[in-house]
Engineer: 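Okay, here's the structure, questions in a sec.
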Amino acid sequence: MKIFSGSSNKPLAEKIALALNLRLSTVDIHIFPDKERRIRILEKVVNEDTVVVQSTSTPADQNYMELFFIIDALKRSGAKSVTAVVPYLGYQRQDHVFRDGEAVSIDVIIKNIESLGVDRIIVFDVHSIKTPELFKIPVFHLSALSVFGDFIKKYYSDSVLVSPDAGGVRRVKILSDMINMPFAVITKDRDLETGEVTAEKIEGLPKNKKVKRAIIVDDMISSGKTIIVAAEMLRKNGVDEVFVFVTHAIFSESAPKLLQKSVVEKVIVTDAVYIPKEKYFPKLKVLSIAKTIADQIKKF
Ligand code: R5P
C-alpha cells in the first residue's frame, strides 16, 4: 500500500502513515504563478493499493482540485485501488435546497469524486447523517466521539453533555450512551442572511441538581457563534464551567479570538482540519484522529 497526501493536512497524513508503519509517498504539487496546480506522482503505483489524504477545508475549492488531480494521477499511473481519506468534507453543509433556487453543493462534490473512479472514501463526522447515503461508492463514516468519550471519562466525568442545536442531538445521544452521561439540548436559530445566531431555549438540564460542568459537543466550529451563544446560555442557566468538544476546527475569520475571549473554559478539537499556528489560542487543545483512520485502513 502507498499513502499520499495533498497539501491541506500533511501532519495528519504523516501520523496516519506512521500508524500504518509506512512513510508518505511522494507527489509533486507544483504551483504556477496563477495558483493553478500541476500534480505528478513520483513513485511507481502500478497494481498498488493507494490512499490519498486531503481535508477539503479552507480554501475548499483549491483543496478539492488538488484531491481530484491526485486521484486522477494515481488512476492514470495504474494504481490498483484508490481510497480517498477526506477527514473534513468541504461544502457538506449545503446538503439540500434550503431556499428555492439554491445549488446542492455536496451533491456536485460527490458526483465529481465518483466520476474519477475512487474505490472508497473515508469521511469523518459529517454534518448530516444523510450525506453518506448520497454516495454510490462505499463510504466509511468515522467519528471522533470515541476519542472524545475516552477523554471526557478520564478528565471530566461529572458533567452534562449539551447539543448546541437540534441538528446535533443524534451525535450527543450517541456519546451519552457511550459514556453514560446525561445530555441537554439547546434550540438555536440562525438568520440565513446575516449569519447571526440566537439560542432560544434549553431542555434537559437536571432541575434539582446544580450542574457544575457542561460539555458542548458539535461537528464543527466556523465563526464560533454557535458555541459562544450556547455557552452564554448555559452560564445564564447556572452552569459553572463550559467545555467544548468539536471535531472540525474550521476557525473562520476571528473565531479563535472570540473563543479565547468567551466564557468557554477549553475548546477541544481534532486534527481533522490542519490548524495553522496563527489560529492557536491558549484555551485550545487538539486530539488526533490518526489512529482511528489508520485502524480503518488496516481493515481494507
Ligand atoms: C450547524 O448546524 C453546525 O453543526 C455547527 O453548529 C455550525 O456549522 C457552526 O458554525 P458557527 O461556528 O459559524 O456557528
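Computed from heavy atoms alone, side chains included, the values below leave out hydrogens, waters and symmetry copies. Ligands are counted one by one from 1 in listed order, and the atoms in each one are counted from 1 as well.
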Engineer: Going by the order shown, which atoms of ligand 1 are within less than 4.0 Å of some heavy atom of Ile221?
Structural biologist: 12 (O)

Engineer: Going by the order shown, which atoms of ligand 1 are within less than 4.0 Å of some heavy atom of Met220?
Structural biologist: 5 (C), 8 (O), 9 (C)

Engineer: Can you tell me which residue and heavy atom of the protein come closest to atom 4 (O) of ligand 1, and the distance to 0.1 Å?
Structural biologist: Asp219 OD1, 2.6 Å

Engineer: Which heavy atom in Ser223 sits nearest to a heavy atom in Ala255, and how many Å separate them?
Structural biologist: O-CB, 3.4 Å

Engineer: Would you say the ring centroid of Phe251 lies under 6.0 angstrom from that of Phe281?
Structural biologist: yes

Engineer: Heavy atom under 4.0 Å from ligand 1: found in Lys188's side chain, backbone, both, or neither?
Structural biologist: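 Side chain only.
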
Engineer: Can Glu43 and Lys2 be counted as an ion pair, charged N to O under 4.0 angstrom?
Structural biologist: yes

Engineer: Under 4.0 Å from a heavy atom of Arg93: give me the atoms of ligand 1 that qualify, with their elements.
Structural biologist: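 Matching atoms, with element in brackets: 8 (O).
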
Engineer: Answer yes or no: is there an ion pair linking Lys299 with Asp295, defined by an N-O contact shorter than 4.0 Å?
Structural biologist: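 Here Lys299 does not pair with Asp295 in a salt bridge, since their nearest N and O are not under 4.0 Å apart.
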
Engineer: Can you confirm whether or not the ring centre of Tyr156 sits under 6.0 Å from the ring centre of Phe243?
Structural biologist: yes

Engineer: Counting only heavy atoms, which portion of Asp165 has something under 4.0 Å from ligand 1: side chain, backbone, both, or neither?
Structural biologist: side chain

Engineer: Please write down residue, atom name and distance for the protein heavy atom closest to atom 5 (C) of ligand 1.
Structural biologist: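 In this structure, atom 5 (C) of ligand 1 has Asp218 OD2, 3.4 Å as its nearest protein heavy atom.
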
Engineer: In terms of side-chain geometry, is the basic nitrogen of Arg40 or Asp28 positioned less than 4.0 Å from the acidic oxygen of its partner?
Structural biologist: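 Looking at Arg40 and Asp28, the cut-off is not met.
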
Engineer: What I want to know is whether Val197 and ligand 1 share at least one N or O pair that is separated by under 3.5 angstrom.
Structural biologist: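 No, since none of the N or O atoms of Val197 sits under 3.5 Å from an N or O of ligand 1.
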
Engineer: Of all the non-hydrogen atoms in the protein, which one sits nearest to atom 14 (O) of ligand 1, and at what distance?
Structural biologist: Thr226 OG1, 2.5 Å

Engineer: Nearest protein heavy atom to atom 2 (O) of ligand 1, by residue and atom, and its distance?
Structural biologist: His127 CE1, 3.1 Å

Engineer: Tell me whether Arg171 has any N or O atom under 3.5 angstrom from an N or O of ligand 1.
Structural biologist: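 No; the residue has no nitrogen or oxygen that sits under 3.5 Å from a nitrogen or oxygen of the ligand.
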
Engineer: Suppose I only count heavy atoms of Arg190 and a 4.0 Å limit; which atoms of ligand 1 are within that range?
Structural biologist: 7 (C), 9 (C), 10 (O), 11 (P), 13 (O), 14 (O)

Engineer: Is Lys75 salt-bridged to Asp72, cutoff N-O under 4.0 Å?
Structural biologist: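 No salt bridge links Lys75 with Asp72.
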
Engineer: Can you see whether Ser57 engages Tyr88 through a side-chain donor-acceptor pair at a distance of less than 3.5 angstrom?
Structural biologist: no

Engineer: When you measure from atom 13 (O) of ligand 1 to every protein heavy atom, which one gives the shortest distance, and what is it?
Structural biologist: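 For atom 13 (O) of ligand 1, the nearest protein heavy atom is Ser223 OG, 2.6 Å.
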
Engineer: Counting from 1, what ligand 1 atoms have a heavy atom of Gly224 closer than 4.0 Å?
Structural biologist: 11 (P), 12 (O), 13 (O)

Engineer: Should Lys212 and Glu241 count as an ion pair when the cut-off is N to O under 4.0 Å?
Structural biologist: no

